[in-house]
Amino acid sequence: MQNVQTAPASRTVRSLKRLRRYPATLFGFTVVGLFLLMAIFGPLVAPYKFSDQELTNKLKPASAEHWFGTDQFGRDIYSRILTGSRDVFTIAGSGTLLAVFLGLTLGLLSGYFGGMMDEALMRLMDVLLSIPPLLLAMIILGTVGPSRLNIVIVVGFLYIPMVARVVRSVVLDIKTREFVEAAKMRGESNSYILFREILPNVLPPLAVEASMRFSYSIFLVASLGFLGLGIQPPSPDWGMMVSEGRTWFNLAPWVLLYPAGTIALLVVGVAFMSDGLRRMLLPGGVTS
Amino acid sequence: MTPDEKSTILDVNNLWVTYATENSPLHTVRNVTMKIARGEIYGLVGESGSGKTTLARALVRYLPRNGSITKGSISLAGTDLLALPQSELRKVWGARVTMVHQDPAKAINPSIPVGEQIAEMARVHLGMSQAQAKKKSLEMLEKVQLPDPESVAGRYAHQLSGGMLQRILIATALTTNPQFLIMDEPTTALDVTTEAVILDLVRDLLREYETAVLYITHNLGVVARICDRVGVMYAGELMEEGSIQQVFKQNLHPYTLGLLGCVPRIDMNKSDIDLHTIPGHIPRPNELPQGCIFAPRCAIAEEACNAERPSLADVENNRHMTACRRWADVAKNMHIITKEKVKEEVDMEEIPLLLDARNIEKQFKVRRSGLSNLFAWKPDIVRAVDNMTVRVRKGATMGIVGESGCGKTTFARCVAGFESATSGDLFLDGESLPYSIAERSKATLRKIQLVFQNPDASLNPQHPVGQSVGRPLALLGNVLPSEIEKRVRELFEAVNLPADYVHRLPHELSGGEKQRVAIARAFAADPQLMILDEPISSLDVSVQASLMNLLAELQKSHGTSYLFISHDLAAVRHLSDWIAVVYLGRIWEIGSAEDVFSPPYHPYTEALLSAIPIPDPNIHQERIRLHGSVPSAVNIPAGCRFHTRCPRKIGAICETESPPWQNVTRFHSICCHIPLEELRAMQAPVAVENGKEPQ
């Protein structure tokens with residue numbers, strides 16, 4: 001409070017310092033960071049091509065040549081996981097972004113204007129929420145076919161209600177604050193109030209919600225892959241790898257365990273990161 | 001009262017309390033020594049951040065996990081509290097030491113009947129049986145003068161008013177007949193008339209129970225009314241301690257003197273006197289000055305004050321302690337707090353009207369809660385504002401005063417256009433003013449601006465404060481874009497904020513500074529009418545004083561009219577030229593500030609005035625108390641709305657007929673059935689200095 005110039009910088013430093021005291025958050029950020037690097041560079045540095053088959057070398061345990069072992073076609077599991085990470089990030093990520101964008105729009109409108117539109121939109125969201133996401137995704141993808149674009153749209157669509165509800169509740173709180181009334185008092189337009197006064201206050205809780213949705217999306221995409229409704233073979237989809245690995249579990253458990261462990265690690269990592277974001281961005285609860 | 005050593009209940013010596021934080025340990029309470037005797041009420045006053053609550057919690061060893069007592073000793077009637085193991089301490093809490101908190105709604109469990117909560121105390125600490133405990137709880141409810149204890153005992157917290165809940169907390173705290181009771185701002189959340197009743201009750205009960213009491217408050221008036229001794233705390237240390245007479249009348253510390261000067265008086269206003277202000281702000285425990293901690297803000301500090309920190313000492317050997325090395329000079333410097341002005345006489349009738357709000361009504365439809373809602377045909381109608389007529393003259397202040405829920409804020413919001421009035425006429429500067437903001441032109445919007453109560457919510461937390469002030473200029477102020485920054489800096493200067501604050505975010509400012517920014521923002525539009533909705537009530541007295549001075553000064557230089565809404569009569573008296581007293585959605589007395597505050601009064605005004613705690617032990621106030629609570633605005637009493645609580649009710653006429661308006665002078669009218677001559681005969685000036693009038 002005493003020193004204006006250094007305040008923002010020192011706040012970042014303080015946030016980082018505080019991070020040290022929360023090992024789970026640090027873990028989350030590190031894991032997500034590593035996976036992100038993997039998604040960008042993984043396919044380039046993978047020792048084998050994901051589709052290379054060595055039929056003489058199938059179902060081999062981990063070794064110096066094949067770090068995570070090989071699967072039933074003798075493909076290198078490590079390379080397949082590395083290559084598959086890009087799809088996980090792009091599909092779950094785009095799905096999340098779509099949900100965040102649409103959810104933000106609906107939440108802002110519904111929260112700010114209220115009335116009949118709010119009622120209509122929110123009841124529609126309730127309908128969406130009342131159907132188990134996986135079931136709905138299976139029905140839709142079973143009908144239209146599992147392309148990358150379709151998966152993104154389905155994931156985005158399914159998570160709109162959660163995002164919209166969070167945004168709406170924040171808007172409902174912010175719009176009765178006195179600085180919004182002061183803006184009305186000087187005759188600001190609705191768009192100014194919505195985008196310049198309210199939106200900046202929605203962003204921190206939205207970032208937290210988005211990171212949480214991201215972890216759910218990863219899990220949903222993997223589940224769809226497991227059910228055969230994800231990216232189609234021979235692309236290395238983690239969920240599909242788990243599904244295929246089931247057959248060989250007694251003989252070669254690593255075929256299942258490595259991709260399953262990878263999914264778990266990323267989901268837990270994102271969840272810890274989301275918790276940490278909440279602590280940093282919303283120190284006093286959702287709306288303070 | 002001079003208690004001898006034997007009757008000392010609480011004996012604290014050189015107490016230090018330290019919080020462990022990320023960076024360095026914070027010594028939040030330093031070197032505090034105090035004694036409280038049996039039956040004595042010890043007032044602890046100080047502004048927020050002075051360490052009052054930390055000290056109180058430390059006294060009963062109830063500190064948060066990172067807080068600890070690092071030095072000193074506490075003895076409670078001979079028991080060394082610091083030596084007790086945790087298990088023994090739990091037997092002390094509740095039995096020998098109890099506490100009454102500020103917010104009764106939070107201190108009472110909402111899902112247990114209140115009688116049961118008192119009975120629990122009796123069972124756990126007094127070892128009573130179910131039946132005995134129940135009897136005890138009824139007895140305690142009777143002690144705190146709750147009507148019909150049987151029925152109250154079975155109710156839940158949400159079915160009782162704030163004043164009743166506070167009585168229940170007091171009953172709970174006294175159930176075990178504790179040796180030591182801590183009351184932490186017990187009346188701060190209450191209305192002034194309720195506060196007065198509770199203070200009377202506390203005073204009487206504590207006489208009877210002979211408990212030693214630590215009474216924490218920021219309100220000097222409350223201290224003067226109920227305490228025997230008082231300690232003034234500043235930034236973690238005691239600055240002055242003594243009897244009420246000593247501290248209020250012969251004070252030996254410039255901080256105490258300054259605090260007293262900050263409080264507006266009910267017999268003077270802005271044209272008579274400038275309030276005293278204390279420059280700067282309370283230092284935090286990690287940035288204390290080397291010498292006297294008050295020296296940087298002190299009007300009589302000298303070089304030597306910065307060299308060494310004085311400790312509390314009994315300088316005159318009469319149990320009047322001070323931590324000022326220049327204590328002998330304080331009395332000679334009374335002039336630093338009294339700045340009387342030469343009054344300018346103006347004929348108030350001459351000044352043209354700015355706002356003319358005629359017969360404003362505002363009704364809300366509310367749905368009843370709970371099951372009955374399902375069967376209710378029509379929603380209930382709350383008549384929040386019922387036929388209020390208010391005029392504001394150019395460059396003058398109209399003060400609207402009333403207790404919470406009386407409709408004063410709703411009225412202000414109707415004028416501002418946030419709420420559309422149900423009926424009535426609004427005129428601004430002779431032109432008709434549409435009800436809602438949406439229908440008002442930009443030019444009209446510019447003319448009315450508002451300063452809100454809560455400084456934390458009135459600025460966008462994501463915008464630098466300079467941007468908040470600059471926006472109205474860009475939108476309304478006919479200012480060239482290139483000049484906006486310059487104007488913003490001028491406005492910051494006008495509200496006494498450093499110009500380099502423009503880049504700060506609201507959370508980097510203190511409450512008072514935020515409110516200054518909000519005032520600058522409102523003035524940026526260069527309004528004719530400024531609506532001030534309790535702009536100072538959430539702030540400390542010294543900050544309040546400087547804001548009131550600022551508002552008075554800005555009014556003078558800009559010629560702006562104020563509509564000042566407040567429950568604080570002294571603040572209203574200080575800032576207003578005209579005052580309207582509101583109860584249950586209607587005005588009962590209106591007139592020039594001086595007239596309204598002198599007899600004859602409306603009986604409600606009289607009760608309000610006699611309830612305000614005045615920080616002067618020598619002032620004698622008529623003891624007029626309002627009992628019961630304000631009726632609901634859904635079922636407004638017939639006849640005079642005030643008859644259910646009026647101490648001067650004359651008979652059936654009050655219950656059946658609406659009272660007439662009676663003109664006292666050209667500028668002063670009262671709405672009451674009692675003829676003016678009778679009012680005059682029965683009413684005395686509300687506050688008279690002892691000795692000036694035979695008692």
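In what follows, chains carry the letters A, B, and so on, assigned in the order in which the sequence lines appear, proteins first and then strands, with residues in each chain numbered from 1. As the structure is a prediction and not an experimental result, all values here were calculated from the model.
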Not counting sequence neighbours, which residues clear side-chain contact (heavy atoms from CB on, under 4.5 Å) with A210(A)? List them please. V100(A)
Option in T444(B), V451(B), N454(B) with maximal non-hydrogen atom pairs under 4.5 Å from chain A: N454(B)
Can you name the nearest heavy-atom pair linking L459(B) to F179(A), along with the distance? O-CD2, 3.4 Å
Can you tell me if [atom1] on [X] sees more than 12 non-hydrogen neighbours from other groups inside 6.0 Å?
X	atom1	value
F157(A)	CZ	no
R65(B)	CZ	no
F219(A)	CZ	no
E439(B)	CD	yes
E485(B)	CD	no
Y216(A)	OH	no

[atom1] of [X] to [atom2] of [Y]: how many Å apart, nearest 0.5 Å?
X	Y	atom1	atom2	answer
H463(B)	E197(A)	NE2	CD	5.0 Å
N460(B)	I193(A)	CG	CD1	11.0 Å
L199(A)	Q462(B)	CG	CD	10.0 Å

Quick check: under 4.5 Å, non-hydrogen atoms only, which of residues 182-192 of chain A neighbour chain B?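 Hits under 4.5 Å: A182(A), K184(A), M185(A), R186(A), G187(A), E188(A), Y192(A).
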Within-4.5 Å side-chain heavy-atom neighbours: E181(A) and S458(B):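 With C-beta onward as the side chain, the pair stays apart.
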